[in-house]
Protein chains: 2
Amino acid sequence: MKSSSNSDWMKGSLDLMVLSVLAGGSKYGYLLQQELQQASGGLVELQAGTMYPLLHRLESEEWIRSRWDETTGRRRKWYELTDAGRNRLTQQAREWQSYADCIRALLARVIDPVPRPA
Amino acid sequence: MKSSSNSDWMKGSLDLMVLSVLAGGSKYGYLLQQELQQASGGLVELQAGTMYPLLHRLESEEWIRSRWDETTGRRRKWYELTDAGRNRLTQQAREWQSYADCIRALLARVIDPVPRPA
DNA sequence: CTTCGACATATCGCCAGTCTATATATTGAC
DNA sequence: GTCAATATATAGACTGGCGATATGTCGAAG
């Protein structure tokens, strides 16, 4: 069976999405989760068990950095983009668009097969 | 390190791409590989070790069906879409475009952050 | 005639990454 | 006092893509 809450499309795009949302300002995990869900019109539901390891990885790769806020009882770990992360984001955004265009072209053929060049 | 020949974007889109190419007519694996590479302007290099298992899976799920051509010494296994596969393709194409639009919107924010609604 | 590179399919084992489930703790509402 | 929402984290299972490897045909070059 396949299932999985989202529909597998963004399997390779989660990094990009997370970096994008963080580009809008510092966030802690739970908040990022909410905002991503909102921003995607409910399409993307980043699971906690996916997100936290992902954030840890992004941090270990130094695309983002974190700071605990322990001033309240509810411990929150705030993440922000590093400079490297910001560059990474623009880089990846460019790449992603190439691939998206490429798939779009592929799909266009399906819908509207080339009418054989005169 | 990340590496991987393509850039991980299409991790979840390979099914879609293969079905798309097959929508253009029957192909055997090797040919499909070439055509996909061409059609993508060299962007997508579907590896043999990825493709054959993928084709087997798609066949077991009955989105495609195969026939050996053994009339020549070079054995070729021709694949074509089933009716279900064709439906699957249009279905997935629709879904993919939703997700692509969603990411595009996310990226647009990055490039052009909302100027605070008057 | 042999050898080399392109053609053609297949499988195995590795590994990265996602999900489910689970754990833990705080807080506000009822 | 209990429950749901907030908040983070990890372990284990599973999937899927990739590199390596195997097997064999075929045509061209030498």
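Naming convention: chains lettered A, B, ... in sequence-line order (proteins, then strands); numbering from 1 in each chain. Heavy atoms only: backbone and side chains are in, while hydrogens, waters and symmetry mates are out.
- If you take CG of L46(B) and P of dC18(D), they are 8 Å apart, rounded to a whole angstrom.
- Atom-to-atom, CG of D8(B) to P of dG19(D) comes out at 11 Å; the value is rounded to the nearest Å.
- Closest contact between the side chain of Q47(B) and the listed nucleotides dC18(D), dT9(C), dG17(C) involves dC18(D).
- In the model, Q91(A) has a side-chain atom that pairs as donor or acceptor with a side-chain atom of E95(A) under 3.5 Å.
- Y28(B) has its side chain out of reach of W68(B): every pair of non-hydrogen atoms, C-beta onward, lies at least 4.5 Å apart.
- Rounded to an integer number of Å, the gap from CD of Q34(A) to C1' of dT6(D) is 9 Å.
- As rounded to whole Å, 14 Å separates atom C1' of dG16(D) from atom CG of L55(B).
- The residue W78(B) sits apart from the nucleic acid: no heavy atom pair falls under 4.0 Å.
- Spacing between atom OH of Y52(A) and atom C1' of dA11(D) amounts to 17 Å, rounded to whole angstrom units.
- Comparing G73(A) and M51(A), the nucleotide of DNA chain C nearest to each residue sits closer to the 5' end for M51(A).
- Of the candidates dC18(D), dT9(C), dA9(D), the closest approach to any side-chain atom of W68(B) belongs to dT9(C).
- OP1 or OP2 of dT11(C) sits under 4.0 Å from a side-chain N or O of H56(B).
- Base engagement by R74(B) is indicated by at least one non-hydrogen atom pair under 4.0 Å involving a base atom.
- Whole-Å rounding puts the L32(A) CG to dT8(D) C1' distance at 13 Å.
- Nucleotide dA16(C) holds its C1' atom 14 Å from the CG atom of L58(A), rounded to whole Å.
- The nucleotide whose nearest atom lies closest to any side-chain atom of Y30(B) is, among dT6(D), dC7(C), dA9(D), dC7(C).
- K77(B) has a side-chain polar atom (N or O) that falls below the 4.0 Å cut-off from OP1 or OP2 of dA10(C).
- Within 6.0 Å of the CZ atom in R67(A), the count of heavy atoms belonging to other residues, nucleotides or ligands does not exceed 12.
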Any chance you could lay out the side-chain contact (heavy atoms from CB on, under 4.5 Å) test for L32(A) and Y79(A), step after step, and finish with the verdict?
CA-CA 9 Å; L32(A) 182 136; Y79(A) 288 96; over 6 Å; no
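- Following rounding to the nearest Å, R75(B) (CZ) and dT23(D) (C1') show an atom-to-atom distance of 9 Å.
- Looking at heavy-atom distances under 4.0 Å, G49(B) makes contact with a base.
- For Q37(A), the CD atom is densely surrounded, since the number of other residues' heavy atoms within 6.0 Å is greater than 12.
- Of the candidates dT18(C), dA9(D), dA10(C), dT18(C) carries the atom nearest the R57(A) side chain, counting heavy atoms from C-beta on.
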